[in-house]
**Q** 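The structure follows.
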Protein chains: 2
Amino acid sequence: MRRLKANSMSKGGTSIQDVAREAKVSIATVSRVLNQPDLVTAETAGRVRDAIKLLGYVPNAYAQGLSRRHGKVLGIVLPDIYGEFYSELLRGADGEARRLGFHLLVSSDAHDHGSPTRTENLAFGLIDGLALMMTEPNMELWRETLDAALPTVVLDADINEPGVDSVVVDNAMGTHEAAEHLLEKTPASNCFFVGGPRENFDTAQRAEEFRKALIAKGHAVKEDQFAFGEYSVDWGRRWAADRIKSGGLKNAAVLAGNDEIALGIMQAAQDAGVGVPKDLRIVGFDDTRIATIVRPALSAVRVPLLDIGAAVVRLLVERVGNSEKPATREKLPTKLIVRESSRV
Amino acid sequence: MRRLKANSMSKGGTSIQDVAREAKVSIATVSRVLNQPDLVTAETAGRVRDAIKLLGYVPNAYAQGLSRRHGKVLGIVLPDIYGEFYSELLRGADGEARRLGFHLLVSSDAHDHGSPTRTENLAFGLIDGLALMMTEPNMELWRETLDAALPTVVLDADINEPGVDSVVVDNAMGTHEAAEHLLEKTPASNCFFVGGPRENFDTAQRAEEFRKALIAKGHAVKEDQFAFGEYSVDWGRRWAADRIKSGGLKNAAVLAGNDEIALGIMQAAQDAGVGVPKDLRIVGFDDTRIATIVRPALSAVRVPLLDIGAAVVRLLVERVGNSEKPATREKLPTKLIVRESSRV
DNA sequence: TCCGAAAAAGAAAGCGTTTTCATGGCGTGC
DNA sequence: GCACGCCATGAAAACGCTTTCTTTTTCGGA
């Protein structure tokens, strides 16, 4: 294999050596100018900085990582990068990461079946911390692979691994608010919960809280008031269509597991001539931007996606800086936003 | 500063040394098992692989990068990670990157003002290639910083830098189709184009093509048939509200610069009692998922976001592998999808 | 049975940093 | 005016891996 020209990394391939030569100092001094400027004379530092500018020198991150035993890179693995939900999460994470001087290595889990691939393995040698959001089934697989030495924070899952931080949302809070809001004008027997997958952590919590609220009203809950499917518009549509066909939807209300489901329900209702909110009141979950775009505007429990992303990164960085820190579980508030789709 | 325990990188800190010792071979052999397996006996390779598994060894990516003079990391910088548009792009990029064994370092440009920061500089020493999508004004700033030696591909911009690949969409194709579709039933004088920022590359092309189509109909274009603002729901709303107030919108049609604008227009129209598509026919641009969720469903020119993301990564990887490759400009097709919002 | 070539394995030289340790120059306190 | 200590700098080791370059082993053919 042909040997590359001596200096041929990206960025022109100028190395610390070149800078040192140009500034007539040792490489140690150059390094110090960059990392501990107070250890070097103003005059020398000036010369070095000039050389750096002149040569367009950028430190080689690999060499730094090797020498320092860590880089400034965080990995974030999501079930899929898809739609407003994840993009908002990512946005929050990106902002915080940038603020803290870290980079984000993003990867979605959708392409293989949840088991870390060669690619992931490479990443493990590269990242200083890992943010993980996964659907339940895969969690087990990852647990085997995960390394106790790699700072990890898990999103939206009931993980109780020692040394693994987690960020969750206070599902009870928003759900309770939403339930109260719906029950205020709609009889408990006409209230429905249409969630995502039954095994999903959030869906489970939301359903449970909703159930409690119904019971608190002194209502004997019927099982068909709860439905579980997937986090998709289509599932919402199907549920509503079925429901309309079988029993009709009059003076009813529904809390959906996320905005997409809510939208599907709204759509199917409208298509079938069921008035929203007149006949059917709908509340979504997450409060993604789309909630304000559709007509009628969708009421929704707001989940602070941006904050979640930021919190994840913050926790990770804290742990990277101090591996002794005990595991934290951060819980972020949720809150009902009432719009037309549920207003009576 | 306290010296860390000898082997204390993430992933348990097992190094190639440990594996070598365990398998009773030299580190060279371990490396070969991993990178050029045919150079080593099946028996030895087996022993080494056992050791690797036993010790949970993961190669240190920094050391590899340093030794190989490159990693497997691509940087991608977007104006902002926000909404369906970018998330879809990212999704395409992620899939392709994974397929090719690369990682994606994602960063949004929104937080500082377009000039590369310390963070970015670090990234420059880390990434092997850069995908860049920026609004025009910032482009200049970056150009100064960009390095000829760093493979770069630019999205959706009319860059003509030597050695810089680009990926663009065929705006003319879809715009033409959309224009024809609208003009079929609506008089040219009642057709409008409501775009994003005037200086935006795509908006400019789309407007131009739309204009051509009107002229081809023998119509003397009035300037108020073209409006420029920003890529937001709100701008769409404002335009429609103004228009309705000033002239009314009857038997009219509009091509929007993206789906968000289209949605804003649709909303304002509906709020003002203007029927869509009865009085106003609307076609969006991009065909993000939201187009199928709103009612009436939004007609839109489909932009292959997923493919764009994938193409960007593919181009980048090709160039990383072969820096002599001449600069390519890839143009992806667009295509009108007719839904209810424009159906007569 | 032995020779020579090919295959397999090892030794060691980098890759570009950071950081420890060593060194020389200088100012300060007596 | 002298010793001591501090400060600025340099020399060199270490980080973990890949890749030459060597050395050792194996094996086929005479």
Side-chain angles (χ1 to χ4, degrees), chain A residues 1-21 23-48 52 55 57-72 121-122 124-126, chain B residues 1-21 23-48 52 55 57-72 121-122 124-126:
Chain A
M1 181 158 299
R2 162 137 262 89
R3 181 60 138 292
L4 295 167
K5 194 168 97 247
N7 287 324
S8 62
M9 278 296 285
S10 61
K11 200 62 195 177
T14 356
S15 84
I16 201 172
Q17 278 291 357
D18 305 324
V19 177
R21 198 173 312 124
K24 308 221 182 302
V25 296
S26 74
I27 60 168
T29 300
V30 176
S31 176
R32 279 192 277 256
V33 169
L34 260 24
N35 302 307
Q36 323 167 52
D38 19 333
L39 291 190
V40 41
T41 324
E43 198 266 325
T44 316
R47 235 169 49 236
V48 169
I52 289 180
L55 272 46
Y57 167 69
V58 173
N60 180 312
Y62 292 99
Q64 285 188 318
L66 183 55
S67 191
R68 294 181 172 151
R69 291 174 174 63
H70 69 267
K72 285 282 196 175
N121 270 312
L122 200 162
F124 280 159
L126 185 61
Chain B
M1 180 158 299
R2 160 136 264 87
R3 179 59 139 292
L4 295 168
K5 194 169 97 248
N7 288 322
S8 62
M9 277 297 285
S10 61
K11 199 61 196 179
T14 357
S15 82
I16 201 172
Q17 277 290 355
D18 305 322
V19 177
R21 198 174 312 123
K24 309 219 183 301
V25 297
S26 73
I27 61 168
T29 301
V30 177
S31 176
R32 278 191 279 255
V33 169
L34 259 24
N35 303 308
Q36 322 168 50
D38 20 333
L39 291 189
V40 41
T41 323
E43 198 264 327
T44 317
R47 237 171 44 239
V48 170
I52 288 180
L55 272 46
Y57 167 69
V58 174
N60 179 311
Y62 293 100
Q64 285 187 318
L66 184 55
S67 190
R68 297 212 252 245
R69 290 173 172 64
H70 68 266
K72 284 282 195 176
N121 270 312
L122 200 163
F124 281 158
L126 185 62

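Chain letters run A, B, ... following the sequence lines, proteins first and then strands; every chain starts at 1.
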**Q** Spell out yes or no: do the side chain of B:S67 and the base of C:dG14 have one donor N/O and one acceptor N/O closer than 3.5 Å?
**A** yes
**Q** Considering only heavy atoms and no angle criterion, is a donor-acceptor pair shorter than 3.5 Å present between the side chain of A:R32 and the base of D:dG10?
**A** yes
**Q** Within the pair B:Q64 and D:dT18, is there a side-chain N or O less than 4.0 Å away from OP1 or OP2?
**A** yes
**Q** Can you see whether A:R69 engages B:N60 through a side-chain donor-acceptor pair at a distance of less than 3.5 angstrom?
**A** no
**Q** Rounded to whole Å, how long is the line connecting atom NE2 of A:H70 with atom P of C:dT17?
**A** 16 Å
**Q** Using whole Å, what does the distance between atom P of nucleotide D:dG16 and atom CZ of B:R21 come to?
**A** 11 Å
**Q** If you look at every heavy atom in B:A63 and A:L66, which pair is closest and at what distance?
**A** CB-CD1, 3.8 Å
**Q** Report yes if the side chains of A:Q64 and A:L34 come closer than 4.5 Å at any heavy-atom pair, otherwise no.
**A** no
**Q** I want to verify a distance call: between D:dA11, D:dT19, C:dC15, whose nearest atom is closest to the B:R69 side chain?
**A** C:dC15
**Q** Check each of A:V19, A:V40, A:T41 against A:T29 using the side-chain contact (heavy atoms from CB on, under 4.5 Å) test, and report the only one that passes.
**A** A:V40
**Q** For the side chain of A:A63, starting at C-beta, report the closest nucleotide among C:dA8, D:dA11, C:dG16.
**A** C:dG16
**Q** D:dG16, C:dT19, D:dT18: which one has an atom nearest the side-chain heavy atoms of B:S31?
**A** D:dT18
**Q** How long is the line joining CD1 of B:I52 and P of D:dC17, in whole Å?
**A** 10 Å
**Q** Between D:dA8, D:dT18, D:dG10, which nucleotide has the shortest distance from any of its atoms to the side chain of A:V25?
**A** D:dG10
**Q** Kindly indicate whether the side chain of B:Y57, heavy atoms from C-beta on, has any atom under 4.5 Å from the side chain of B:D18.
**A** no
**Q** In whole Å, what is the span from the CG atom of B:N60 to the P atom of C:dG16?
**A** 17 Å
**Q** With heavy atoms under 4.0 Å as the rule, sort A:T29 into base, sugar-phosphate or nothing.
**A** sugar-phosphate
**Q** 5'-most contact on DNA chain D: A:D38 or B:N35, nearest heavy atom basis?
**A** A:D38
**Q** Distance check needed: C:dA9 C1' versus B:E43 CD, whole Å only.
**A** 12 Å
**Q** Would you indicate, yes or no, if C:dT18 has its OP1 or OP2 atom less than 4.0 angstrom from a side-chain nitrogen or oxygen of B:Y62?
**A** no
**Q** Among D:dG16, D:dA12, D:dT18, which nucleotide has an atom closest to any side-chain atom of A:L66?
**A** D:dG16
**Q** Measure the distance from CG on A:L55 to C1' on C:dG16 and round it to the nearest whole Å.
**A** 15 Å
**Q** Atom CZ of B:R68 to atom P of D:dG16: distance rounded to whole Å?
**A** 17 Å
**Q** Using whole Å, report how far CD of B:Q36 lies from P of D:dT19.
**A** 6 Å
**Q** What nucleotide among D:dC17, C:dA9, C:dG10 has an atom nearest to a side-chain atom of B:S15?
**A** D:dC17
